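None of the values given here were measured: they were computed from a predicted structure.
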Amino acid sequence: MLRFLQKCKNTNHLKQTHLQILVNGLKDNDSLLHNLITVSSDLISVDYAFTVLQTSNSPDVIAYNTMIKCFIGRENNSTAYNALRAYKQMRSRAFLVSPNSFTFTFLLKTIEGLDVGRMIHGEVLKMGLDASSVFVGNTLLNFYSKSGNDGVDLASKVFDEMPERDTVSWNTMIAMYMDCQEVESAIKLFESMPKRSIVTWNSVITGLAKNGKMESARSVFDKMPEKNEVSWNCLISGYVKAGDLKNAENMFDEMPVKSVVTSTSIISGYAASGDLESARKMFNQMGIKRNVVTWNAMIAGYVNKSQFNEALSLFHFMLLDNKCKPDHITLISILSASSHLGSLENGKWISSYINKNKINLSTPLGNALIDMFTKCGDIENGKSIFNKMSNKCIITWTTMVSGLAVNGKCKEALNFFNKMCDEGIKPDDVMFIAVLSACNHGGMVKEGKSLFQKMVNFYGIKPKIEHYGCLIDLLARSGELHEAIRLIENMDLEANSVIWATMISACKLHGNGELFEYVSKKVLDKEGLNCGYLTFNYKFEFINWKVGRCFEV
DNA sequence: CTAGGGTTAG
């Protein structure tokens with residue numbers, strides 16, 4: 001029966017096997033139950049898996065752990081609640097199953113929010129587990145360290161009180177301090193560490209890079225006793241994120257250190273002279289070569305810098321090099337590049353590559369495909385990907401909305417927006433930029449105004465300058481110039497050059513000279529508002545207009 | 001349990 005279960009490929013197989021298990025009275029068999037939970041969660045849904053667990057009479061701690069583990073990494077917002085429900089159930093009088101270290105490790109990965117975390121921390125203490133294992137302590141550390149600034153003190157407290165610490169504990173603390181810009185604290189820990197691992201060094205490189213200290217990152221990299229691929233990748237992506245493609249390219253080119261023949265002869269030289277330490281170091285360096293992450297970092301660097309053709313050509317080089325296969329992250333970047341270039345030809349090639357290589361259509365990959373198809377004008381294929389995707393996230397919907405809008409299908413874009421809201425997904429600030437600009441493209445003033453209101457009053461999203469920009473543009477271009485001005489003067493943000501440019505051209509469009517003069521003067525008063533170029537333009541247009549008026553008189 | 005790569009708007 002176990003073998004049948006593990007061979008299940010789809011929902012039907014699984015349901016039949018499940019039925020067989022029930023019919024044969026095997027539903028309380030431990031090992032079958034564990035597997036049934038995992039496979040159900042993979043092939044059907046976590047809810048189904050949960051039902052399976054609940055119908056069992058004697059689930060053991062592994063069954064619960066397996067269940068909680070299935071909740072990890074789900075995008076659904078009720079997973080934390082469900083994981084906790086499973087935990088409560090195992091602790092209830094009817095079952096009274098004792099949790100172990102694994103239970104808390106998994107549980108802490110499904111939840112977020114300091115309050116819930118502290119509650120689980122309390123449970124850990126109650127079970128007396130913290131003293132017994134570094135493992136649980138590290139999981140707690142990791143949880144607090146990723147819970148924002150408020151978690152830092154709690155993490156430090158856990159760290160200080162840990163009866164036993166290992167390298168992982170120290171590494172977690174270092175990464176945490178780096179993430180909250182406490183570089184000094186991180187370095188202090190690094191220097192006082194009893195024993196550093198390669199992960200420690202790599203964390204420090206990444207941390208320094210995140211804090212904009214690339215020179216220090218580089219010198220740490222140079223000082224490392226031993227490096228691996230990750231060390232190189234840390235430094236390369238550090239340069240990439242700093243926008244320093246020159247240095248990133250240099251490191252990328254240097255990366256495959258030496259040919260195997262050269263390395264081997266150096267190693268035997270060291271070994272022959274009795275310097276085994278150097279021989280071992282050389283041996284460890286020998287295996288270093290570009291991996292898929294290296295390629296992805298470099299390709300993403302080009303995409304981030306809008307060097308889309310360079311991204312595509314590096315991708316082709318990667319295929320020619322034929323040493324590592326592109327994965328879904330490579331493809332996402334390349335799809336993004338194709339989308340920006342409007343190159344349907346490239347995009348289609350990637351799409352068929354995905355099908356040919358049976359690459360799993362993850363949510364982000366699906367999103368990237370939708371974006372590419374719609375931005376290249378192929379709405380039908382975009383929609384068909386959208387319909388195929390079982391796990392849509394907010395980005396999926398946003399991509400669809402803006403994809404339709406740039407193709408002039410603004411009404412339909414709004415329909416998608418409404419459909420998303422109907423499905424109970426809460427729109428975010430990015431979605432509102434997309435949907436407001438859809439109104440803008442479609443000249444839908446009434447809808448735009450009401451959406452803006454809804455965003456602020458119903459969803460409690462604080463408008464950013466881009467939201468104001470969309471609405472002001474919409475109002476101004478449709479002739480509601482005074483309302484646009486009123487909005488500019490009442491908003492709690494300083495209007496930027498884009499907004500003023502919008503107003504200037506709208507005033508000209510609608511031939512409103514008085515307002516044009518008023519707006520121009522406003523802009524001229526704010527000498528420091530823009531770069532000189534823009535200010536100069538306004539001045540120039542304003543003078544032109546005045547001259548024109550003089551001649552009219 | 002700790003280190004490296006990704007998608008949406010403007």
- Name the nucleic acid region contacted by A:Val240, choosing base, sugar-phosphate or nothing; use a 4.0 angstrom heavy-atom cut-off, strictly under. nothing

- Query: Restricting to pairs with a member in residues 400-412 of chain A, which pass salt bridge (charged side-chain N to carboxylate O under 4.0 Å, His left out), not counting sequence neighbours?
  - Reply: A:Lys383-A:Glu412, A:Lys411-A:Glu447

- Does A:Asp492 pair with A:Lys462 as a salt bridge, N-O distance under 4.0 Å? yes

- Item | A:Thr399 side chain to A:Asp371 side chain, donor-acceptor N/O pair below 3.5 angstrom | no

- Taking any atom under 4.0 angstrom from a heavy atom of chain A, which nucleotides of DNA chain B are the first and last to qualify, 5' to 3'? B:dC1 to B:dG10

- Decide, yes or no, whether a salt bridge links A:Glu161 with A:Lys157 under the criterion of side-chain N to carboxylate O below 4.0 Å. yes

- Query: side chain to side chain donor-acceptor pair (under 3.5 Å) with A:Thr172: which residues, sequence neighbours excluded?
  - Reply: none

- Message: Strictly by salt bridge (charged side-chain N to carboxylate O under 4.0 Å, His left out), give each pair with a member in residues 337-350 of chain A just once, sequence neighbours left out.
- Response: none

- Note on the structure: Note: contacts of residues 329-336 of chain A with DNA chain B (heavy atom, under 4.0 Å) are A:Ile329, A:Ile332, A:Ser333, A:Ser336

- Query: Is A:Glu215 paired with A:Arg218 through a side-chain N to carboxylate O contact shorter than 4.0 Å?
  - Reply: no

- By ring pair (Phe, Tyr, Trp, His ring centres under 6.0 Å) - contacts of A:His467 (at least two apart): none

- Task: Using a 4.0 Å heavy-atom cut-off across all strands, classify A:Ala300 as base, sugar-phosphate, or nothing.
- Result: sugar-phosphate

- Task: Scan A:Asp429 against the nucleic acid and name what it touches under 4.0 Å (heavy atoms): base, sugar-phosphate only, or nothing.
- Result: nothing

